[in-house]
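Every chain is numbered from 1, with letters handed out A, B, ... down the list of sequences. The structure displayed is predicted, hence computed values, not measured ones.
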Protein chains: 2
Amino acid sequence: MTTLKELATILNVSVSTVSKALNDSPEIGEDTKRRVKQLAAELDYQPNRLAQQLKSNATKTIGVIIPTIINPFFAEVLHGIENYADSHQYDIITTISNESFDKEQRAIKMLARGSVDGFIVAAARETQMEQKIAHLQSILNNQIPLVMFDRVVDQINCAKVVVDDYESVYNATQNLIEKGRQHFVLFSNIADLSVGKLRSQGFQDALKDAGLTFDVVDLKAIDNLNGKILDYLKTHSNTDAIVSIDHLTGIVALNMAESLGKSIPTDIDIVGFGYTETPLLVNNKIAIIQQKGEAIGFKTTELLLEKIKHKEVSGGDTIVIPNGFNPVY
Amino acid sequence: MTTLKELATILNVSVSTVSKALNDSPEIGEDTKRRVKQLAAELDYQPNRLAQQLKSNATKTIGVIIPTIINPFFAEVLHGIENYADSHQYDIITTISNESFDKEQRAIKMLARGSVDGFIVAAARETQMEQKIAHLQSILNNQIPLVMFDRVVDQINCAKVVVDDYESVYNATQNLIEKGRQHFVLFSNIADLSVGKLRSQGFQDALKDAGLTFDVVDLKAIDNLNGKILDYLKTHSNTDAIVSIDHLTGIVALNMAESLGKSIPTDIDIVGFGYTETPLLVNNKIAIIQQKGEAIGFKTTELLLEKIKHKEVSGGDTIVIPNGFNPVY
DNA sequence: TTGTACGCGTTATCAG
DNA sequence: CTGATAACGCGTACAA
């Protein structure tokens with residue numbers, strides 16, 4: 001990479017003259033400016049960003065820590081974050097915690113050493129389950145702005161962007177109740193997450209409020225998802241309403257029910273979570289609660305850049321981005 | 001952030017003493033080391049990475065430029081890249097070009113100004129279609145190592161990681177021919193991409209080699225994917241073999257065929273592209289050519305880190321990661 | 001109009 | 001054993 005010093009040596013002027021000339025300082029004569037700029041163009045001089053960042057004490061970079069990127073919800077959020085950041089001349093350094101507290105912690109430690117101007121974090125499963133917050137608190141203690149989304153941690157005093165998990169499942173369940181459904185089951189793959197608990201609670205409250213009974217099945221992990229669901233449906237053949245609270249289980253339930261000869265949505269009404277592409281995948285046979293991933297990413301980043309701009313660190317509102325609902329008629 | 005200077009002032013020693021003490025230099029006395037380390041621990045001193053990077057002329061950061069993150073294939077690749085990079089103490093700065101040449105170019109310009117030690121790039125659709133290569137060449141001209149994957153550009157002399165697009169579609173098609181299928185159609189959503197062309201060619205060559213005729217339908221964009229496919233199937237009711245070369249069309253074709261009362265795979269054999277979750281989504285009714293996204297990410301990053309290590313810039317092999325095949329019986 | 005000097009935070013070399 | 005000095009590359013107040 002060409003440096004100011006190199007240009008200066010070649011032109012037999014001082015480094016600062018070159019710097020000023022390139023920044024169009026009025027102190028420098030037109031003739032000198034021309035010479036400097038021409039050589040800079042020839043050698044394709046570009047100022048070193050590390051030096052600028054060190055000097056200005058601003059990196060124009062955001063640290064993003066998310067639990068996974070395979071889940072399309074997080075992919076869409078990342079897309080929103082990157083988009084908003086880019087349009088404000090910010091770069092993003094992304095770390096995927098893989099649901100590991102340890103990796104999350106290491107990433108924060110690393111990036112907090114001057115590499116980023118602010119953090120966007122969705123906590124790992126492990127972090128949420130074991131209520132570990134010291135590493136998140138350390139971000140704020142280091143005077144670095146932080147915004148969390150979706151996987152938030154109540155004890156941390158920062159701006160947050162969440163969805164209306166409880167309400168959207170409550171409403172979707174109520175919708176099924178109004179349609180006259182009687183035998184409800186909830187399939188959950190994420191029972192241990194904050195969002196999973198909220199969604200499950202919404203389901204249970206809606207049915208309790210209506211005086212109906214229900215099953216809650218915790219599928220625990222992704223392996224043999226279809227087998228477990230098939231078994232349930234076989235042994236509970238009167239099931240006529242299924243609510244799934246993750247992005248996969250609803251689709252699998254649809255497939256399993258159909259394989260048992262059920263007609264969907266006539267015999268069984270299914271509600272699942274999903275993202276932009278999901279309705280296409282299921283041919284509109286199941287209702288989809290759509291998380292607005294991109295909008296969440298936008299809002300989260302907007303809040304963070306505001307904080308950076310005003311040099312605020314902690315505090316801030318909790319913004320709710322309502323889920324969309326793609327019903328089946 | 002605490003700095004060396006602050007520690008030095010408090011302890012009444014010089015900055016260099018503090019630095020050496022923290023780095024366990026044998027030049028420093030045990031007693032001094034203890035005092036320095038204790039204060040550093042108390043104030044949670046962490047060396048500023050920007051300064052280290054500037055000094056060492058190495059950022060330990062990789063610039064990743066991909067066309068999209070919504071497509072699960074790229075999400076899986078990114079996952080692989082991040083994983084491999086992290087286990088080698090590298091960060092990644094991710095830019096999503098959104099298939100835009102302009103954004104790709106801007107990102108390269110920005111990151112090439114000292115922010116990264118190397119680039120991983122999958123070219124934008126626009127870049128591939130209009131054969132723009134100057135910005136990619138400029139990476140190499142700046143003496144920065146580059147590895148491309150999937151969306152590669154032939155004219156650029158760098159290491160590449162690709163899949164066996166042609167062969168895998170050729171083989172899958174041949175498989176259908178051997179099963180006695182007669183009326184073939186290929187649905188394509190990505191006709192203008194290098195990978196799309198290869199896949200389409202594999203389909204066409206397999207059928208030509210077998211002396212069969214076929215249709216190739218370019219669906220152009222994602223909107224009304226189902227409507228277009230439904231129309232085709234209605235007007236070509238003898239279709240008994242469908243090959244899809246992207247990750248969505250096969251699933252949509254399955255849904256549309258079933259909605260027309262077809263039994264899959266009995267009446268129509270369908271082959272689609274997909275990723276880890278796809279077989280679960282389609283309940284194994286359609287065969288899936290599985291791109292090994294994570295493996296591609298691993299390999300790409302491995303190649304790049306090798307280059308960085310040995311200070312090689314251009315050149316390098318083209319590695320082929322064979323697609324998996326998930327057949328239907 | 002141009003050049004000198006300093007600082008950002010770190011590390012390495014060289015003196016003392 | 002410790003400290004001063006220079007350097008990475010840039011920008012800017014101040015001096016000439």
Note to self: dT2(D), OP1 or OP2 - any side-chain N/O from Thr32(B) closer than 4.0 Å?
What the structure shows: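 So the side-chain polar atoms of Thr32(B) do come within 4.0 Å of the phosphate oxygens OP1 or OP2 of dT2(D), strictly under.
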Next item on the list: Give a yes/no on whether any side-chain N or O of Ser14(B) is located under 4.0 angstrom from OP1 or OP2 of dG3(D).
Entry: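 Indeed, a polar side-chain atom of Ser14(B) lies that close.
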Between [atom2] on [N] and [atom1] on [X], what's the gap in Å once rounded to a whole number?
| X | N | atom1 | atom2 | value |
| --- | --- | --- | --- | --- |
| Leu11(A) | dT2(C) | CG | P | 12 Å |
| Leu7(B) | dG3(D) | CG | P | 14 Å |
| Leu50(A) | dA7(D) | CG | C1' | 15 Å |

Margin query: Test: side chain to side chain donor-acceptor pair (under 3.5 Å). Region: residues 55-73 of chain B. Which pairs qualify, not counting sequence neighbours?
Written below: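 Side chain to side chain donor-acceptor pair (under 3.5 Å) check on residues 55-73 of chain B returns Thr59(B)-Asp117(B).
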Margin query: At under 4.0 Å between heavy atoms, how does the protein contact nucleotides 9-16 of chain C? Give one character per nucleotide, 5' to 3', with B, S or -.
Written below: BBBBBB--
Item checked: Non-neighbouring partners of Lys160(A) that pass side-chain hydrogen bond (donor to acceptor under 3.5 Å, both in side chains), sequence neighbours left out ->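 Testing Lys160(A) for side-chain hydrogen bond (donor to acceptor under 3.5 Å, both in side chains), a comparison that skips the adjacent residues, returns none.
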Check: Within a reach of under 6.0 Å around CD of Glu306(A), are more than 12 heavy atoms found that belong to other residues, nucleotides or ligands?
Finding: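 Counting neighbours around CD of Glu306(A), more than 12 heavy atoms of other residues, nucleotides or ligands fall under 6.0 Å, so yes.
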Next item on the list: For Ser25(A), answer base if it contacts any base atom (sugar-phosphate contacts may also be present), sugar-phosphate if it contacts only those atoms, and nothing otherwise; contact means non-hydrogen atoms under 4.0 Å.
Entry: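 Ser25(A): no heavy atom of the nucleic acid under 4.0 Å.
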Does a donor on one side chain and an acceptor on the other come within less than 3.5 Å for [X] and [Y]?
| X | Y | value |
| --- | --- | --- |
| Thr94(A) | Glu82(B) | no |
| Gln52(A) | Asn48(A) | no |
| Thr17(A) | Ser14(A) | yes |

Check: Starting at the 5' end of DNA chain D, which residue's closest nucleotide do you reach first, Pro26(B) or Ser56(B)?
Finding: Pro26(B)
